[in-house]
Amino acid sequence: MLTRDEVFSQFVSYFPQADRALFDRACAVSENAHRHQKTPDGRDYLQHSLEVASILARLKVDQTTILVGILHDLLDTPDASPAEIEKLFGAEVLQLIKTGHKISNIPYRQKNRQQVESFRKMFVAMARDLRVVLVYLADRLSDMRAIQHCSQTRKEAYSRETLEVYAPLANRLGISWLKAELEDLSLRVLEPEKFAALTRRITTHKEERGGYINKVGEQIRKLLADNQLTGDVTGRFKHFYSVYRKMERTGVDLDEIYDLIAFRVLVDSVRECYEVLGLIHATWKPISSRFKDYIAMPKPNRYQSLHTTVIGPFGERMEVQIRTHQMHNIAEEGVAAHWKYKEGGPVPVVGRDDQRFSWLRQVMEWQQEVSDHAAEESAVIDLFPEEVYVFTPQGEVKELPRGASPVDFAYAIHTDVGSHCVGARINGKLSPLKTELKNGDIVEVMTAANQTPRKDWLAFVKTSKARNKIRQWVKAEQREKSIHIGRELLEKSLRKRQTSLKRSLTSGLLEQAATELGYRTTDDLFAAVGYGKTSPGQVVSHVVPRDETPAVAERDGSEGESKASRRSTQSAILIGGIDNVMVRFAHCCNPLPGEPVTGFITRGRGLTVHTIDCFQVQTSDPERRIDVQWDMQRKTVRPVKVRVICDDQKGMLVGISGAISHADANIVSATVHARGDKKGTNLFVIDVENLEHLNRVIREIKKVKGVTRVERLRN
């Protein structure tokens with residue numbers, strides 16, 4: 001049974017400035033709050049709190065973390081008051097307890113490897129402050145030590161969660177002893193028979209091999225002494241779960257595992273590590289495939305050591321691990337070994353997974369260069385800044401990009417759920433569909449059969465699945481509208497030729513016309529007419545032979561079509577893969593040959609050409625844009641407005657008109673306005689061939705004496 005004195009002595013051994021009064025206050029508050037509770041093995045609940053604090057003290061954490069360890073379950077008690085906790089222990093302790101309380105209430109549902117990994121990431125991402133993770137690792141270890149006193153269902157579920165979530169987290173944080181104990185305790189529950197057999201056999205091996213460990217250890221010490229090296233040499237058996245995994249993975253029996261025993265040599269410097277390695281290899285034959293240099297190439301969790309397996313004394317394989325004392329501290333304490341222990345000083349907050357430990361080393365360096373306050377603020381970053389982890393009401397984890405909305409969540413569940421969602425409850429509260437989700441949110445999606453995706457969802461969805469599904473639906477909806485418009489336009493044109501759309505469909509003439517015009521189905525043809533890619537007159541000319549067309553129809557239809565065709569061919573616009581499209585030029589930007597342009601398909605009105613940087617087209621539906629370019633081989637003229645500001649004096653209009661004529665341009669119209677400041681404003685509409693021609697006109701006008709400014713007007 002642990003006592004307060006024992007735990008505080010353990011704490012003060014590395015943290016001399018520890019506040020005993022604050023420690024005792026935390027113990028008293030915990031004891032009172034849990035006075036009606038017992039641990040599964042029948043002890044007072046304070047024993048659990050002290051055990052968590054003892055485990056944390058082994059990690060050499062700061063005083064705040066020790067206090068949180070003692071008080072971590074406080075919010076689960078009926079008498080707990082957040083305001084009182086803050087008053088007694090400060091806002092930081094309260095915030096860490098609240099974060100941990102939220103994590104502890106997350107429902108865990110093991111489904112597949114990806115789900116488990118998402119749960120681990122979410123666990124740490126929610127915590128942000130690494131101390132919360134360490135407290136709940138310590139809490140889990142304390143619970144697992146007493147797990148045998150729980151029901152079988154509880155034991156198995158808890159142990160599986162420990163093995164799949166908590167042990168890997170301890171491994172990622174580099175806390176090897178904590179990982180090993182969690183794995184062994186989980187194995188004892190999940191595979192009791194195998195664990196018992198393995199324990200029995202390894203214990204027998206330990207008794208038989210105790211002398212072997214002593215003899216080989218002494219030989220290694222003598223080898224170091226003979227070469228003027230000093231180091232600590234220890235021998236140990238690998239932990240049960242590690243042996244079990246190796247047996248399961250390789251399919252071999254315990255007797256066939258030759259490296260059950262590992263010797264560890266601790267020296268003072270990296271240079272000495274490699275010296276010891278050379279002596280070991282010179283004394284015993286190394287197995288080349290079993291050598292790993294984790295000093296030169298550390299593991300992702302910053303573990304460093306030299307590992308080698310040799311044919312040792314008595315012809316048996318043995319593993320030797322060589323590292324410095326500092327490396328050993330990191331291997332045992334993991335991330336906590338990087339901390340600076342000064343009350344009120346910065347405590348690292350978890351950084352991105354693959355950068356976590358390099359960032360912690362930087363924190364140590366920053367502490368030497370900047371104030372504690374600045375370093376603390378620099379430390380506030382997220383583990384997975386691009387991701388959030390949220391839950392279905394059933395406890396299934398969904399991993400989404402940062403900024404994702406309930407619509408993204410709905411599509412992550414199923415396409416139909418996303419397409420029919422009408423609202424969402426986030427943590428039980430009704431919330432708008434554009435609400436930004438946060439780590440740990442529990443999201444319930446509400447659907448309606450008559451709901452369909454909305455185009456404005458594209459403004460806030462983040463996942464590619466949601467965006468693509470919404471766009472597909474919008475495109476399909478636009479196609480339906482285009483088909484409807486196309487049918488109406490064709491019906492109107494066919495009536496002028498004394499026939500009908502229904503008759504053309506029944507006779508097969510419309511289907512034949514679609515094939516002749518390059519469309520697979522009549523719906524494709526209707527959509528093309530609706531979008532303006534094909535004119536109704538073109539279709540009618542294939543459905544109704546010319547010799548059967550009445551004269552009035554010829555005037556009303558074919559003539560109109562020829563005008564459209566002439567307008568198209570004279571536009572000097574090339575459209576890849578599409579012929580005979582009605583082409584108009586946008587009034588908003590009035591493009592000229594030579595300027596970069598793009599096309600925008602307007603239902604029933606054909607193609608509108610804009611300059612590529614036109615505001616109107618930039619804010620339009622990208623699905624309706626089409627690549628076009630100028631046919632520079634075709635000579636054409638386009639009207640353009642030019643405003644000329646000049647002095648109000650005789651002969652100015654003549655001079656400007658002469659300059660325009662000198663540039664080979666034709667004046668379509670001119671408006672002259674005399675202002676009261678002895679200036680005049682002249683507005684000309686000029687026919688020019690292209691952008692280069694316009695620039696030449698402007699240069700000629702600027703040469704006229706008295707002209708102060710010349711500018712092109714877009715509309």
So does [X] pair up with [Y], basic N to acidic O under 4.0 Å?
X: Arg131; Y: Glu92; answer: yes
X: Glu51; Y: Arg43; answer: yes
X: Glu31; Y: Arg4; answer: yes
X: Arg188; Y: Asp184; answer: no
X: Glu218; Y: Lys215; answer: no

Distance-only donor-acceptor check, side chains [X] and [Y], under 3.5 Å:
X: Gln219; Y: Arg221; value: no
X: Thr65; Y: Asp62; value: yes
X: Asp41; Y: His149; value: no
X: His34; Y: Thr77; value: no

Inset, instruction - For the pair Thr39 and His48, evaluate side-chain hydrogen bond (donor to acceptor under 3.5 Å, both in side chains) and give the outcome as yes or no after the intermediate values. - result: CA-CA 7 Å; Thr39 61; His48 168 68; over 6 Å; no
Mind checking the [atom1]-[atom2] spacing from [X] to [Y]? Nearest 0.5 Å is all I need.
X: Ser176; Y: Glu181; atom1: OG; atom2: CD; answer: 11.5 Å
X: Ser142; Y: Gln47; atom1: OG; atom2: CD; answer: 9.5 Å
X: Leu185; Y: Gln148; atom1: CG; atom2: CD; answer: 8.5 Å
X: Glu193; Y: Leu198; atom1: CD; atom2: CG; answer: 13.5 Å
X: Asp268; Y: Thr230; atom1: CG; atom2: OG1; answer: 5.5 Å
X: Cys27; Y: Leu22; atom1: SG; atom2: CG; answer: 10.0 Å

query = For the residue pair Phe8 and Phe11, does the interplanar ring angle fall in the parallel (under 30°), tilted (30 to 60°) or perpendicular (over 60°) class?
reply =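 Phe8 vs Phe11 ring planes: perpendicular.
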Closest heavy-atom contact between [X] and [Y]?
X: Val12; Y: Ala18; value: CG2-CB, 4.3 Å
X: Val233; Y: Gly217; value: CG1-O, 4.0 Å
X: Leu306; Y: Cys273; value: CD1-O, 3.6 Å
X: Pro286; Y: Val310; value: CA-CG1, 3.8 Å
X: Tyr14; Y: Leu56; value: OH-O, 4.4 Å
X: Leu74; Y: Val29; value: CD2-CG1, 3.8 Å

[X] vs [Y] side-chain heavy atoms within contact, under 4.5 Å:
X: Lys98; Y: Leu75; answer: yes
X: Leu134; Y: Val132; answer: no
X: Leu141; Y: Leu178; answer: yes
X: Ile66; Y: Phe15; answer: no
X: Ile295; Y: Tyr274; answer: yes
X: Gln37; Y: Arg35; answer: no
X: Thr324; Y: Met327; answer: yes
X: Ile55; Y: Arg145; answer: yes

Atom CD of Gln152 with >12 non-hydrogen neighbours under 6.0 angstrom: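 Counting other residues, nucleotides and ligands, CD of Gln152 exceeds 12 neighbours.
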Give a yes or no on whether the backbone of [Y] and the side-chain of [X] come within a donor-acceptor separation of less than 3.5 Å.
X: Gln63; Y: Asp19; value: yes
X: Asp44; Y: Leu46; value: no
X: Asp293; Y: Ala296; value: yes
X: Tyr166; Y: Leu182; value: no
X: Ser54; Y: Leu50; value: no
X: Asp441; Y: Lys438; value: yes

Open item on the list: Show, in sequence, the C-alpha distance, side-chain angles and deciding distance for Val61 and Val135, and conclude whether the side chain to side chain contact (heavy atoms under 4.5 Å, CB included) test is met.
Closed with: CA-CA 10 Å; Val61 298; Val135 167; over 6 Å; no
Practice prompt. Go through the steps to decide whether His72 and His101 satisfy the test side chain to side chain contact (heavy atoms under 4.5 Å, CB included), and finish with yes or no.
Written response: CA-CA 7 Å; His72 69 279; His101 181 258; over 6 Å; no
Is there a side chain to side chain contact (heavy atoms under 4.5 Å, CB included) between Leu187 and Phe195 once you walk through the steps?
-> CA-CA 7 Å; Leu187 180 64; Phe195 181 82; 3.9 Å; yes
| message | Working note: Ser186 + Thr162, criterion side-chain hydrogen bond (donor to acceptor under 3.5 Å, both in side chains); need CA distance, chi angles, decisive distance, verdict. | response | CA-CA 7 Å; Ser186 301; Thr162 299; 4.5 Å; no
Exercise for the section: Could you pull out all residues at least two apart from Arg20 that satisfy salt bridge (charged side-chain N to carboxylate O under 4.0 Å, His left out)? Expected result: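 In terms of salt bridge (charged side-chain N to carboxylate O under 4.0 Å, His left out), with neighbours along the sequence ignored, Arg20 is linked to Asp5, Asp24.
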Glu319 and Arg290: CA distance, side-chain angles, deciding distance, salt bridge (charged side-chain N to carboxylate O under 4.0 Å, His left out) verdict: CA-CA 9 Å; Glu319 183 183 13; Arg290 302 284 295 166; 5.5 Å; no
Quiz item: Is the Phe291 to His307 ring centre distance short of 6.0 Å?
Solution: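 No - the distance between ring centres of Phe291 and His307 does not fall below the 6.0 Å cut-off.
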| task | Kindly determine whether Val276 and Leu224 satisfy side chain to side chain contact (heavy atoms under 4.5 Å, CB included), including the steps that lead there. | result | CA-CA 7 Å; Val276 173; Leu224 297 181; 3.6 Å; yes
